[in-house]
Every structure is written in structure tokens, then in C-alpha cells.
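Structure record follows, encoded as C-alpha cells.
What you are looking at is a predicted structure, and each value in this text was computed from that prediction instead of being measured.
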Amino acid sequence: MKFLEYTPFDSINLFLEQLNLGDCTMRVNLEAFSCKHTATDRRLSISLEHEAPVEHLSSRSSQKTMIYLVLTLGHIYPDYDFSAVQAHLFFQEEELESFKQMVDTYLPDASRQWAATNEGSSLLDSMTKAIDEVIKIRECDIYSYNPDSDADPVLEKGSIWSFNYFFYNRKLKRVVSFCCYCTSKLSGDDFLTGAGW
């Protein structure tokens, strides 16, 4: 997978890079990747082809799609070994509406701050427009990644909650990732251990 730079994401990422929300900090990131394999990708891809069932995904999904999604996660969180936790088990197909509902539910404070600094424009509309410009959102298969605690790559960063969405356009052979997590300012490894997270 190769990281692709797209200016439609720049202003959104800059605004949401580290948003101060009082007792917590929110990080949101939009990134695009081509599905072209690197040497490391090829090794992991071969491994996943042998060990990864896809019965939990619908018939329109393929093993190749799942492999692209796992490889994308690996590029976003390079210090985390997704092959070891069978990340493919935590992907779920979604509709665009579920993505919009997740943004409305978890990013209301960010949306208010965005509107206040961007002449009243909607954060959700701005993100959807940017994603559409990069990957043609209506032509995409959409997936969420909802791991349990053992397979959550941001848990170690003190995350209170997190969610990840992936937009995959088969024709363009491109994936856009939307990763969002909220971290307590009080949290740290010791705090998390003491809290039982």
C-alpha cells in the first residue's frame, strides 16, 4: 500500500489533528492509499491468503478486499502486528449512513468548533465532500473496524473510544481511511492499568 497525498484532506486533518476538548483530546485523520503492494505488503498478503477466512463478509466481498484493509491498518499503525490478532475478524460492512451517524454521535464538539471557524459550514459535509473528491464515495464499499480490546491498536495510547472506517473503491484500487480516537488527558499506561482498560 502506498500513501497518497490529497489536498482535499489537508484542512480537515490540520483542524482535527489534535483537538482540545477539555478533559480529553481527539485525533481524527483522513488518509488515502493506493492498493499497490510494497515488498512488506506482499509477504503479509501471502500469509493472510493462507490463514484468513472471509465467511463473515458478504459475497460481494473478497479475500483480496480484506487483505487490502488489513494492509491499510498496518500502514496506519505500523507498530502493531495485525497478522497476529487476525484483524480480518473485526471488519464489518457498513452503509454511508452508519458513518454519518458515527460522526454525528462522536464529533458534536468538533463539529461546533469547525462551524465556528469555517463560516458555519458542516464538518460532516466537508469530510464527505473531501472523501468523495478523492475516492468517489458512492462507488465505494464501506467497512468499519471494531476490534475487541486485545486487537485495538490505539488502546495503548490511552484511548477512551475509537472507531475506524474504510472506503474501498475497486475500480480506482484505492482505500481511504477515517480513523478517530479520543484520549483522556488523565490517562497513561499506569492509569489505564489501574482502571482495568
Side-chain angles (χ1 to χ4, degrees), residues 1-17 27-49 52 54 56-83 85-103 106-107 122-147 151 153-154 162-181:
M1 306 293 283
K2 180 183 176 184
F3 174 74
L4 302 171
E5 289 191 34
Y6 284 104
T7 53
F9 292 164
D10 290 348
S11 62
I12 295 169
N13 284 333
L14 185 62
F15 178 80
L16 296 174
E17 186 176 45
R27 293 196 59 130
V28 179
N29 201 23
L30 273 168
E31 293 181 318
F33 298 87
S34 78
C35 293
K36 185 175 182 180
H37 284 7
T38 65
T40 305
D41 290 338
R42 279 191 285 275
R43 287 192 294 272
L44 180 54
S45 178
I46 290 168
S47 170
L48 288 169
E49 283 175 7
V54 293
H56 65 290
L57 297 176
S58 78
S59 58
R60 70 186 172 96
S61 299
S62 67
Q63 191 173 46
K64 186 177 285 189
T65 300
M66 182 274 301
I67 289 170
Y68 288 147
L69 297 177
V70 174
L71 292 175
T72 303
L73 274 174
H75 282 271
I76 296 168
Y77 304 107
D79 297 330
Y80 201 83
D81 182 5
F82 289 98
S83 60
V85 298
Q86 295 187 313
H88 58 278
L89 296 175
F90 303 108
F91 286 109
Q92 181 174 326
E93 289 185 80
E94 302 284 359
E95 300 294 333
L96 181 58
E97 283 309 308
S98 73
F99 168 73
K100 291 180 176 179
Q101 288 172 5
M102 193 70 80
V103 171
Y106 284 92
L107 303 181
S122 161
L123 175 61
L124 176 59
D125 289 348
S126 299
M127 286 193 298
T128 305
K129 182 179 177 183
I131 294 169
D132 186 57
E133 190 173 334
V134 169
I135 203 169
K136 301 187 187 308
I137 202 167
R138 297 288 177 184
E139 296 178 10
C140 291
D141 294 332
I142 303 172
Y143 300 87
S144 62
Y145 179 68
N146 301 299
V154 298
S162 67
F163 61 92
N164 301 270
Y165 273 77
F166 298 89
F167 301 83
Y168 171 50
N169 187 311
R170 294 171 188 273
K171 292 179 184 176
L172 296 177
K173 295 189 175 178
R174 193 178 298 163
V175 176
V176 165
S177 66
F178 175 86
C179 301
C180 178
Y181 62 90

pair [X]-[Y]: side-chain heavy atoms closer than 4.5 Å:
X: Leu73; Y: Phe166; value: yes
X: Tyr165; Y: Leu30; value: no
X: Met127; Y: Val103; value: yes
X: Tyr168; Y: Ile142; value: no

Do the side-chain N and O atoms of Tyr181 and Asn29 include a donor-acceptor pair separated by under 3.5 angstrom?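 Their side chains do not contain a donor-acceptor pair, so the 3.5 Å distance test is not met.
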For Glu94 and Ser144, test the side chains for any donor-to-acceptor distance below 3.5 angstrom and give the result as yes or no.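 Present: a donor and an acceptor within the cut-off.
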Counting only heavy atoms not in Lys100, do more than 12 sit closer than 6.0 Å to its NZ atom?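 Counting other residues, nucleotides and ligands, NZ of Lys100 exceeds 12 neighbours.
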Describe, in one word, how the ring planes of Phe33 and Phe3 are oriented to each other, choosing from parallel (under 30°), tilted (30 to 60°) and perpendicular (over 60°).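 The rings of Phe33 and Phe3 stand perpendicular, inter-plane angle above 60°.
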Using 30° and 60° as the class limits, which term best fits the ring planes of Phe163 and Tyr106: parallel, tilted or perpendicular?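 If you compare the ring of Phe163 with that of Tyr106, the planes turn out tilted.
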Nearest-0.5 Å distance that lies between atom NZ in Lys129 and atom CG in Asp125: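 Result: 9.5 Å between the selected atoms.
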Considering all heavy atoms of both residues, which atom of Asn169 and which atom of Ile135 are nearest to each other, and what is their separation?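 Nearest heavy atoms, Asn169 then Ile135: ND2-O, 2.9 Å.
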Would Phe99 and Phe178 count as a ring-ring contact (aromatic ring centres under 6.0 Å, His included) here? Give the steps. CA-CA 10 Å; Phe99 168 73; Phe178 175 86; 5.1 Å; yes
Check: Val134 main-chain N/O paired with Arg174 side-chain donor or acceptor under 3.5 Å: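 Looks like yes, one N/O pair under 3.5 Å.
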